[in-house]
Visitor: 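Sharing a structure here in structure tokens format.
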Amino acid sequence: MLDIKQIREQTEYVRERLSLRGGGDEKKLEEVMAHDEARRKGLAEVEQFKALRNRVSKEIGALMGQKKVQEAEEKKKETRDIGDKIAALDKLVAEAEEKRDEILIRLPNLPHSSVAIGKSAEDNPEIRVFSQKQAYTFKPRTHIELCESLKLIDFNRATKISGSGFLLYTHWGAKLERALIQFLLDLHTEQHQYVEVSPPFIVNRESMTGVGQFPKFLDQAYAVQEGLDGSTVGKLYLVPTAEAPVANIHRDEILPEAQMPIRYCAYSPCFRAEAGAAGLGTRGMIRVHQFDKVELIKIVTPETGYEELEKMVLNAEKVLQLLDLHYRVINLCTGDMGFASAKTYDIEVWAPGQNQYLEVSSCSNCEDFQARRMNLKFKNSQGENKYPHILNGSGTALARLFVALVETHQQPDGSIKIPPILQPYLKADSIRAN
RNA sequence: GGAGAGAUGGCUGAGUGGUUUAAGGCGCACGCCUGGAAAGCGUGAGUACCUAAACAGUACCGGGGGUUCGAAUCCCCCUCUCUCCUCCA
């Protein structure tokens, strides 16, 4: 959530930054400020009446104590109608606040000054590249062909069980998926100082709102119903990412500064309705309703937010380097950024069978946008309560990593060579048909 | 699913309509004392809103509503937590 004080005091700056996103959200500012103005005006008025009421009530209390009942009764008469005025004004203030917050909670974060200005993915600057597209002596097969010939995934039966957009990993496919998860968690906890957590895969509405999923992306979530009780729909949701439970671990807390930086990593499946998304319903693993991911979360002081973001991207890149995969890092331009983010790097891994780059990681600094929504603060050395920066990054997403891995390391005979780092996890150096 | 208990500040814990500005204790910070420390004594400290700013004002005792001049306290609704029973991996 944006800071209403900043909107009030630096209106033109906020308007300019919002307009760079290209979503037209800056047009909502006038309305927000009008409601805010009404709220503050009403508040000033009602507080005067409340001060008066408190003063008189105290006097009545004193008179009662001295058994001066007659005088007390007269005072009561005097203040009888104040209550009605207060009630009316209170209602006015509450309504103005509600209207203000309804808009405010749907406004996206402001892009950081270092973010490239642009309209779409076309305008995303490339930051760096690792390795290069590998040359093959044969036409690289797609992951779909490889998964079928090596029996890594049973696409048809997954559809039978759940529907399109779901995967049934089988045999070495299931083992490879598990090996990758284990490898990622070990890497980040042992080499990159993250603390492993294993969160619930179902979260409540508050957690979804805290990270900015709700109310804007309510249509992309899977809502859960308890048994036959239809009234329970809307209470709980399948996690779209581990960011939802993990970033909320310290919601409504005031952290001691000494406890920061906090670094968590967590495995979770990710459930996405992908309503209206391009690529949904096409065969394969690129866009699915459920995929595995190891997520990285940091809660840090504002001073260190951006250097921690750089480190986080390097942590995610390390995964691809160790697996010997070609990738590029891009910086999302103002028009292509996510709702809660102030700055985002995407890592795209090369998939030779697809002949395209696949997004396997998105690392963002949301600054205090989420912290404000979830009322998470830290107490600094001066004893003041401040909002921390909250960062999230994929380290990395699994289904697409799986795709890049099998497509990149496929051999002329149709087998998959397993990178050395992964061999102890898979307990095999290659995957071949029978 | 059944029965019961509970939710008060950083923690603990009193408070059943008004000099409560939420007692007391623990912990914390600072000071006195001391060669230094402990103990002891003293002082201080919640969160947010509002305001140009304030030692001004307002709100906050799980959440929402009601009664009243006045609610932590009385009434209604809701949420959550804990204990026991039942069932279950």
Side-chain angles (χ1 to χ4, degrees), chain A residues 1-11 32-101 104 198 200-210 224-229 231-237 245 248-260 368 371-388:
Chain A
M1 191 153 63
L2 296 179
D3 183 3
I4 185 66
K5 243 182 224 163
Q6 189 188 20
I7 293 178
R8 218 185 279 147
E9 289 162 11
Q10 306 173 43
T11 312
V32 167
M33 287 192 294
H35 291 312
D36 182 54
E37 184 61 34
R39 174 183 169 273
R40 285 187 300 145
K41 205 176 145 215
L43 202 57
E45 203 175 340
V46 74
E47 284 184 357
Q48 278 185 15
F49 281 119
K50 284 182 179 175
L52 176 65
R53 182 180 70 183
N54 288 346
R55 201 166 58 238
V56 175
S57 292
K58 208 166 284 181
E59 285 168 15
I60 292 171
L63 290 170
M64 297 293 270
Q66 295 162 35
K67 306 275 183 217
K68 296 179 179 168
V69 180
Q70 188 61 38
E71 285 178 53
E73 285 302 324
E74 276 168 37
K75 285 264 183 200
K76 278 192 198 180
K77 216 180 284 176
E78 199 180 300
T79 47
R80 197 149 287 164
D81 61 327
I82 290 185
D84 297 334
K85 281 185 193 158
I86 289 174
L89 282 167
D90 265 345
K91 191 164 169 250
L92 201 105
V93 170
E95 280 169 0
E97 186 171 316
E98 202 177 313
K99 284 181 196 161
R100 179 193 73 181
D101 289 346
L104 209 49
S198 179
F201 299 155
I202 297 179
V203 297
N204 58 27
R205 183 174 274 270
E206 289 75 18
S207 294
M208 292 290 266
T209 306
V224 173
Q225 173 174 313
E226 291 172 28
L228 299 173
D229 187 353
S231 72
T232 59
V233 176
K235 277 177 70 180
L236 297 172
Y237 298 84
N248 274 285
I249 289 176
H250 297 288
R251 167 149 55 89
D252 287 318
E253 292 184 22
I254 299 172
L255 301 166
E257 186 169 0
Q259 209 175 311
M260 299 198 292
D368 57 8
R372 189 171 282 112
R373 282 175 166 249
M374 62 176 76
N375 190 30
L376 166 60
K377 298 175 186 177
F378 73 97
K379 198 174 279 292
N380 70 13
S381 48
Q382 280 82 52
E384 305 163 313
N385 293 337
K386 298 285 186 187
Y387 292 109

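To find a chain, count down the sequence lines: A is the first, B the second, and so on, and within it residues start at 1.
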Visitor: Please report the distance, rounded to the nearest Å, between CG in A/Leu376 and P in B/U47.
Guide: 16 Å
Visitor: Are any of A/Arg8's side-chain N or O atoms less than 4.0 Å away from OP1 or OP2 of B/C50?
Guide: yes
Visitor: Quick one: salt bridge (Lys or Arg N to Asp or Glu O under 4.0 Å) partners of A/Asp252, sequence neighbours excluded?
Guide: none
Visitor: For atom P, what is the distance between B/C69 and B/U83, given to the nearest Å?
Guide: 44 Å
Visitor: Suppose you measure atom P in B/C28 against the same atom in B/A38; what distance do you get, rounded to whole Å?
Guide: 10 Å
Visitor: Determine the interatomic distance between C1' on B/G25 and the same-named atom on B/G13; round to the nearest Å.
Guide: 8 Å
Visitor: Rounding to a whole Å, what distance do you find between A/Lys77:NZ and B/G70:C1'?
Guide: 18 Å
Visitor: Calculate the interatomic distance between A/Glu97 atom CD and B/C49 atom C1'; express it in whole Å.
Guide: 9 Å
Visitor: Could you tell me which residues satisfy salt bridge (Lys or Arg N to Asp or Glu O under 4.0 Å) with A/Glu47, sequence neighbours excluded, listed by chain and number?
Guide: none
Visitor: A/Leu376 versus A/Arg251: any side-chain heavy-atom pair under 4.5 Å?
Guide: no
Visitor: Who passes side chain to side chain contact (heavy atoms under 4.5 Å, CB included) against A/Val56, sequence neighbours left out?
Guide: A/Leu52, A/Ile60, A/Lys75, A/Thr79
Visitor: Considering only the P atoms, how many Å lie between B/C60 and B/C41, rounded to the nearest integer?
Guide: 36 Å
Visitor: Taking 4.0 Å as the cut-off, does a side-chain nitrogen or oxygen of A/Asn54 come that near to OP1 or OP2 on B/A59?
Guide: yes
Visitor: A/Lys85 NZ to B/G70 P: how many Å, rounded?
Guide: 14 Å
Visitor: Taking salt bridge (Lys or Arg N to Asp or Glu O under 4.0 Å) as the definition, give me every residue that meets it alongside A/Glu74, ordered by chain and number, with sequence neighbours left out.
Guide: none
Visitor: In whole Å, measure the gap between the P atoms of B/A72 and B/C87 for me.
Guide: 45 Å
Visitor: Sequence neighbours left out, what passes salt bridge (Lys or Arg N to Asp or Glu O under 4.0 Å) with A/Arg55? Give chain and number order.
Guide: none
Visitor: Suppose we screen for ring-ring contact (aromatic ring centres under 6.0 Å, His included). Which residues come up paired with A/Phe49, at least two apart in sequence or across chains?
Guide: none
Visitor: In whole Å, I'd like the distance from the CG atom of A/Leu89 to the P atom of B/C49.
Guide: 21 Å
Visitor: Looking at A/Lys75, I'd like to know whether one of its side-chain N or O atoms comes within less than 4.0 Å of OP1 or OP2 on B/G70.
Guide: no
Visitor: Hey, where does RNA chain B pair up into stems, meaning at least three consecutive Watson-Crick or G-U pairs with distances under 3.5 Å?
Guide: B:1-7 with B:79-85, B:10-12 with B:24-26, B:28-32 with B:40-44, B:46-49 with B:57-60, B:62-66 with B:74-78
Visitor: Could you check which residues of residues 39-50 of chain A get a heavy atom under 4.0 Å from RNA chain B? Sort them by number, please.
Guide: A/Arg39, A/Arg40, A/Leu43, A/Glu47, A/Lys50
Visitor: Starting at the 5' end of RNA chain B, which residue's closest nucleotide do you reach first, A/Arg55 or A/Ile254?
Guide: A/Ile254
Visitor: Polar pairs (N or O, both sides) under 3.5 Å between protein and nucleotides 18-21 of chain B?
Guide:
residue: B/G18; atom: N2; partner: A/Ser57; partner atom: O; Å: 2.8

Visitor: Looking only at side-chain atoms of A/Lys377, point me to the closest of B/A48, B/C80, B/G57.
Guide: B/A48
Visitor: Starting at atom CG of A/Leu255, determine the distance to atom P of B/G10, rounded to an integer number of angstrom.
Guide: 14 Å
Visitor: Rounding to an integer number of angstrom, what distance separates B/A14 and B/A22 when you compare their C1' atoms?
Guide: 9 Å
Visitor: Output yes when at least one side-chain N/O atom of A/Asn385 is less than 4.0 Å from OP1 or OP2 of B/A48, else no.
Guide: yes
Visitor: Would you mind classifying the nucleic acid contact of A/Arg100 as base, sugar-phosphate or nothing, using non-hydrogen atoms under 4.0 angstrom?
Guide: nothing
Visitor: By nearest heavy atom, map A/Lys379 and A/Lys5 onto RNA chain B; which one lands nearer the 5' end?
Guide: A/Lys379
Visitor: If the C1' atom of B/U19 is compared with that of B/G70, how far apart are they to the nearest Å?
Guide: 14 Å
Visitor: Under the side chain to side chain contact (heavy atoms under 4.5 Å, CB included) test, which residues partner A/Asp101, sequence neighbours left out?
Guide: A/Glu97, A/Leu104
Visitor: How close or far is atom P of B/G64 from atom CG of A/Asp90, stated in whole angstroms?
Guide: 12 Å
Visitor: Once you round it to whole Å, what is the distance between P of B/A48 and CG of A/Asp3?
Guide: 13 Å
Visitor: Residues in side chain to side chain contact (heavy atoms under 4.5 Å, CB included) with A/Lys99, at least two apart?
Guide: A/His35
Visitor: In the structure I gave you, are the side-chain heavy atoms of A/Lys377 and A/Leu255 within less than 4.5 Å of one another anywhere?
Guide: no
Visitor: Considering only atom C1', compute the distance from B/G46 to B/U21 and round it to an integer number of Å.
Guide: 13 Å
Visitor: Hey, are the side chains of A/Thr209 and A/Arg373 touching, using non-hydrogen atoms and a 4.5 Å cut-off?
Guide: yes
Visitor: Taking only residues at least two apart or on different chains, which pairs with a member in residues 83-95 of chain A satisfy side chain to side chain donor-acceptor pair (under 3.5 Å)?
Guide: A/Lys50-A/Asp90
Visitor: Do you know the tightest heavy-atom contact between A/Phe378 and A/Ile254?
Guide: C-CG2, 4.3 Å
